[in-house]
Amino acid sequence: MTDIVSPFPDLDDQFVRALPELTLAWEPQTVPAPAMLALNQKLAEELGLDPDALQSPEGVAFLSGAATPAGANPVAMGYAGHQFGNYSPRLGDGRAALLGELTDTAGNRVDLQLKGSGRTLFSRGGDGKASVGPMLREFLFAEAMHALGIPTTRALAVVTTGEPVMRQSPEPGAVLTRTAASHLRVGSFEYAVRMEDKSVLVRLADLAIDRHYPALADSEEPYLGLLEAVRDAQAELVSSWMLIGFIHGVLNTDNVLISGETIDYGPCAFMDRFDQATVFSSIDHAGRYAFGNQPSITLWNLTRLAETLIPLIDEDADAAVEKVNNVLDGYGAKFMASWHSGMRSKLGLASATEGDEALFDQLLGLLQTNRVDFTSAFRALAAWLRDSPEPLDLLFADADVAERDTWLDAWTAALDAAGSSADRATVADGMDLVNPIYIARNHLVDEALRAAESGDTEPFHELLDVLLQPFTKRAGLERFAQPAPDDFNRSFQTFCGT
Ligand code: AMP
Ligand code: MG
């Protein structure tokens, strides 16, 4: 390799130094014709990277996995995981490479990872590669989630490789560059336990504390504190999904980050018509990861994390189990508190009041019974407060209006009881700040990715632009606020690891 200047300043290898047992060396892949497809200029700047350098031939070579940044120590990370409830002792980065960590302009340490960058020693039968559609899909969802204010891994760039990737049919190959607060997962802990060397687990827990919950380092029970901190971060995260109609789709323990960021945008989707049982993933036949199951499955995943931490928490195993159970027992209340607070904001309620929880449940019941578009409903409620009942009437066109109006009466009474502004337009404006008008609806994403796969990235960039300002109504974008045509979502399916 020629001696070229890296567009990535000072990539550190803290993870490799702390936990060599959880890594395998990674080698660059051969890439026939790397080219930039999508670059996140703003994120590049936040990371302290020069967008022009990233677009130079050297930059594109790094981003395609064809060259290693000077001084970097790239690795495939090892992890295990429970997939649909079944334990896989050895998963790991089968098509990803951790290039290293950099410090962003805010002073935070950030992982820089390639996805689709070729085979690793964890690849098993896989080809280690990725294609344009799924990588742009991850770019779109990650940045849409970020714009919605939801913790997430980010997408820095997607480059094409110039090489066809064999899926159902040949597809254009691509590599995604992703950043994350870290890639430490519940599955990392499950893998560390397998090492049968307690020091690995201790070092992993210490690294997680150092990177994500540093205040715990000097606490009396740091590892119990770690479990509690991850519990809270995950409770907040899943609550933010539930408030926005997001279905992750593959909540295996290897896709649950210790930092509390959303990761893995393979089979995810936003729900249009409200239905707790909504599933889009082609392989989730039993609905394990259905919309309404996400809070309970997150507790299940946290329980897997808790099991790994038991040896660190108390030498007396019974005492450790009791402590851990106490923490897990607190999950439900934590989730509900977060969700209730979010629902209050969505409905313009300035404070908690007696009976507001029943109000939330009744609303969801109404939406479910009448299969109302979840996202539009909250914008329509705000419009109704502004004396524009038409959007709400349209959404409830086939509904029992008496039932709906009883709920509206209860809501307005709650607004008064909560001390929300008597000026209803002000309340409505506040609601619009937290209820998106534009989300990554399945038919829009599908349309943009199909075009990109046939070489036209214009619709992708247009949709991305819309999703980067999800709360601001803009003229000419009416189409992007509409739910899918009626039968679209009935047959729509999403896929893992393509
Ligand atoms: P995911 O469904 O992306 O969470 O991946 C689950 C596991 O399968 C991880 O260990 C991935 O690295 C691995 N994997 C997914 N796709 C591929 C691929 N094309 N080649 C090798 N490994 C893969
Ligand atoms: Mg994954």
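Both ligands and their constituent atoms are indexed starting at 1 by order of listing.
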Inset, instruction - Measure the distances from the heavy atoms of Arg90 to every atom of ligand 1 and state whether one is below 4.0 angstrom. - result: no

Inset, instruction - Drop me the distance from Asn252's CG to Arg185's CZ, to the nearest 0.5 angstrom. - result: 11.0 Å

Inset, instruction - Determine whether the side chains of Gln83 and Ser88 contain a donor N or O and an acceptor N or O closer than 3.5 Å. - result: yes

Inset, instruction - Measure centre to centre between the rings of Phe280 and Phe492, then say whether the value is under 6.0 Å. - result: yes

Inset, instruction - Report, in ascending order of atom number, the atoms of ligand 1 lying under 4.0 Å from any heavy atom of Gly128. - result: 18 (C), 19 (N), 20 (N), 21 (C)

Legend entry - atom 8 (O) of ligand 1 touched by protein (heavy atom, under 4.0 Å): yes

Inset, instruction - Flag Gln83 as yes when one of its N or O atoms lies below 3.5 Å from any N or O atom of ligand 1, and as no otherwise. - result: no

Legend entry - Part of Arg124 within contact of ligand 1 (heavy atoms, under 4.0 Å): side chain

Inset, instruction - Kindly confirm whether the Mg ion (ligand 2) is within less than 2.8 Å of some N/O/S atom in Asn252? - result: no

Inset, instruction - Check whether the ring centres of Phe139 and Phe460 lie less than 6.0 Å apart, and answer yes or no. - result: yes

Inset, instruction - Give a yes/no verdict on whether any heavy atom in Gly92 is under 4.0 Å from an atom of ligand 1. - result: yes

Inset, instruction - Using a 4.0 Å heavy-atom threshold (strictly under), name the region of Tyr79 that reaches ligand 1: side chain, backbone, both or neither. - result: side chain

Inset, instruction - Around atom 21 (C) of ligand 1, find the nearest protein heavy atom and jot down its residue, atom name and distance. - result: Gly94 O, 3.2 Å

Legend entry - Atom of Asp264 nearest the Mg ion (ligand 2) (restricted to N/O/S, atom name only): OD2

